[in-house]
Structures are given as C-alpha cells and as structure tokens.
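Quick note: numbers below take in every heavy atom, side chains included, and nothing from hydrogens, waters or symmetry partners. We count ligands from 1, going down the list as the structure has it; atoms in each ligand are counted the same way.
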Amino acid sequence: MIQSTSVESNSARIVVLISGSGSNLQALIDAVDMGAINGEIAAVISNKPGVYGLDRAKKAEIPAVVIDHRDYDGRAAFEAELSKTINSFSPDLIVLAGFMRILNSEFVQPYEGKMLNIHPSLLPKYKGLHTHRRALENGDKEHGVSVHFVTAELDGGPVIAQRKVKVENSDTEQSLQEKVRQQEHQLYPEVVAWFCSKRLEYKNGQAFFDGEAL
Ligand code: NHR
Ligand code: GAR
C-alpha cells in the first residue's frame, strides 16, 4: 500500500486556544512548517473575536473558530461549547497559547495530561495575571517563562520546562514582556515537539521526560 508522506498517520493533532495576538501560535505554525514538530495544528479557537491570532490561523489555512465567552450564560455554558468544539477536531494535544479564561476543573479533567499552558513567570512564582509587573515590584533579578501541564489548579500543574531572563534596572513591564516572549517562542515549540514525539508524558499528576520524572 502506498502511504502519503505529507501527512504521517502518527502525526499528532494539535488544537491551539488563544485570546490575543497569537505570537506563540505563530511560533508553533512555523515549527510545524519546518518539520520540527511531528504534528499538525488541526484548529485554532479564540474566545475573543477579532484578535490577530485568528488572522495568523487563516493565513496558515488552519480552521479558526471563535467562541465568544460573552455569548454564553456563565462559565459552564461557555465551556460546554468549547469542549464540544475541541472534541470535534479529535486532538491528541491542546495548547493554551495566551488563552485568558480560567477553566473549571470539570472542563480540564478529561484533558489532563494532554493540555499544556505557557505562563510568563518562573512558576511557582506569580501564578495568575500581571506577572511582569509583580516581578519588577518585587525587585527580582531574574524572571522568565514556564510551560506546564494544565490541571484544575490555576497555573499549578506540573512544570515541564522554564527559560530565564535577566531583569535590568532599566527594564519596564513592556521591555520585560518582550524579553520573556522571545524565550516563549523558542521554548513552546520545543516542548510541543517533545510531547508529539512522546518523549514527554504525564502520569499520576507528574511530568516525565524520556521516562524520567521532571
Ligand atoms: N485553567 C485551569 N484550570 N488551570 C490552569 O492552569 C489554567 C486555566 C486557564 C487558563 C492560563 C493562565 C496563565 O497562564 C490558564 C491556566 C487567565 C487568568 C485569568 O485570571 C489567569 C491565569 C491564566 C489565564 N482570567 C480572567 C478570568 O476571569 C480574565 C482575564 C481577562 O480576560 O483578561 O477568567 O496565566
Ligand atoms: C504570552 O506572553 C503568554 O505567556 C501570556 O500571554 C502572552 C500571549 O501572547 N499568557 C498569559 O498571560 C496567560 N494568562 P501571544 O498571544 O502573542 O502568544
């Protein structure tokens, strides 16, 4: 039997959730295009209409769906539609890339071990929002970014990998965000590639890389 080489049968199906500019999405699109990830982005879903990340998806000919949380009566109704849409793409991996809605444990539970988030701090420091501002206010000398498995606990799932940046006296919230984002664009495709090649796994609430607990 002749097998297509363009879409490998073992290629992981990835669904990316965004809320904004989608620069991390772009880094993933580019990595897939370069063959650095053994996977394909099956869909991009945004909870915000009109964001630039949706344009990036369309340009890459990836199905782009908007599920505006404001159209739903409460988080549960929004999440029901979100999970229905995610499941319709049969993903192996769900990637939160600047996704800005807190997700209920009921939503997260079925995806545990196959959902990743990138968070702009050196977790467990600065869970939640405004991480760059908080690092500056505390006079931190270093700051950075973490990729973790998503669990019910907000920004509390097992950390997979981190990248650090130096904080200079001259740094502002904006300059720090830019520095961190450059690291994000290298780190996230790398971690997604590990997952898609099955080097990264999740068992009993722990992350494993090449069979070793992280
Ligand atoms: N959900 C669960 N259960 N677990 C995680 O680890 C999650 C999650 C949902 C999102 C991303 C997270 C981040 O990286 C994330 C991780 C949004 C907020 C927030 O307060 C906090 C953390 C994260 C994302 N959102 C407000 C809300 O009421 C809305 C803020 C806005 O729209 O600007 O949902 O930081
Ligand atoms: C990224 O810096 C990401 O770490 C952060 O939002 C930015 C999204 O940028 N995520 C959060 O703050 C999650 N609460 P992008 O849309 O250009 O990828």
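Considering backbone and side-chain atoms alike, I102 places an N or O below 3.5 Å from some N or O of ligand 1. Taking only nitrogen or oxygen atoms, main chain and side chain alike, G22 reaches within less than 3.5 Å of ligand 2. Considering backbone and side-chain N/O of H148, none are found under 3.5 Å from N/O of ligand 1. At under 3.5 Å, a nitrogen or oxygen of S23, whether backbone or side chain, sits near a nitrogen or oxygen of ligand 2.
Close contacts of ligand 1 with I118, meaning ligand atoms under 4.0 Å from a residue heavy atom, involve 14 (O). Atoms of ligand 2 found under 4.0 Å from any heavy atom of M100 (numbered from 1 in listed order, with element): 11 (C), 12 (O), 13 (C), 14 (N). With ligand atoms numbered from 1 in the order given, ligand 2 contributes 6 (O), 8 (C), 10 (N) to contacts under 4.0 Å with heavy atoms of G98. For ligand 1, the atoms sitting less than 4.0 Å from at least one non-hydrogen atom of E153 are 4 (N), 6 (O), numbered in the order shown with element in parentheses.
A salt bridge is absent between D140 and R134: the closest approach of a Lys/Arg side-chain nitrogen to an acidic carboxylate oxygen does not fall below 4.0 angstrom. Of the charged side-chain nitrogens involved, at least one lies within less than 4.0 Å of a carboxylate oxygen, so that K84 and E81 count as a salt-bridged pair.
Distance from atom 12 (C) of ligand 1 to its nearest protein heavy atom, with residue and atom name: D155 OD1, 3.3 Å. The single protein non-hydrogen atom nearest to atom 10 (C) of ligand 1 is R101 O, 3.4 Å, given as residue, atom name and distance. Atom 7 (C) of ligand 1 has its closest protein heavy atom at L154 CD1, 3.5 Å.
Between atom 25 (N) of ligand 1 and the options E106, H69, M100, the minimum heavy-atom separation is to M100. In this comparison of S46, S19, S146, P120, the heavy atom closest to atom 12 (O) of ligand 2 sits on P120. Nearest-residue assignment for atom 4 (N) of ligand 1 (options N104, T151, V147; heavy-atom criterion): T151. For atom 3 (N) of ligand 1, the nearest non-hydrogen atom from the set L129, L103, L17 comes from L103.
Ring-plane geometry between H132 and H143 is classed as perpendicular, the angle between the planes exceeding 60 degrees on a 0 to 90 degree scale with a lower cut at 30.
At a 4.0 Å cut-off, at least one heavy atom of A152 sits close enough to ligand 1 to count as contact. Residue contacts with ligand 2 include I118, since one or more of its heavy atoms lies under 4.0 Å from the ligand.
With a 4.0 Å cut-off on non-hydrogen atoms, E184 touches ligand 2 through its side chain and not its backbone. At a heavy-atom distance under 4.0 Å, no atom of F107 approaches ligand 1.
Sequence neighbours left out, the pairs with a member in residues 24-34 that pass side chain to side chain donor-acceptor pair (under 3.5 Å) are N24-E184, Q26-D30, Q26-R56.
Taking D55 as the reference, nothing meets the side chain to side chain donor-acceptor pair (under 3.5 Å) condition, with sequence neighbours excluded.
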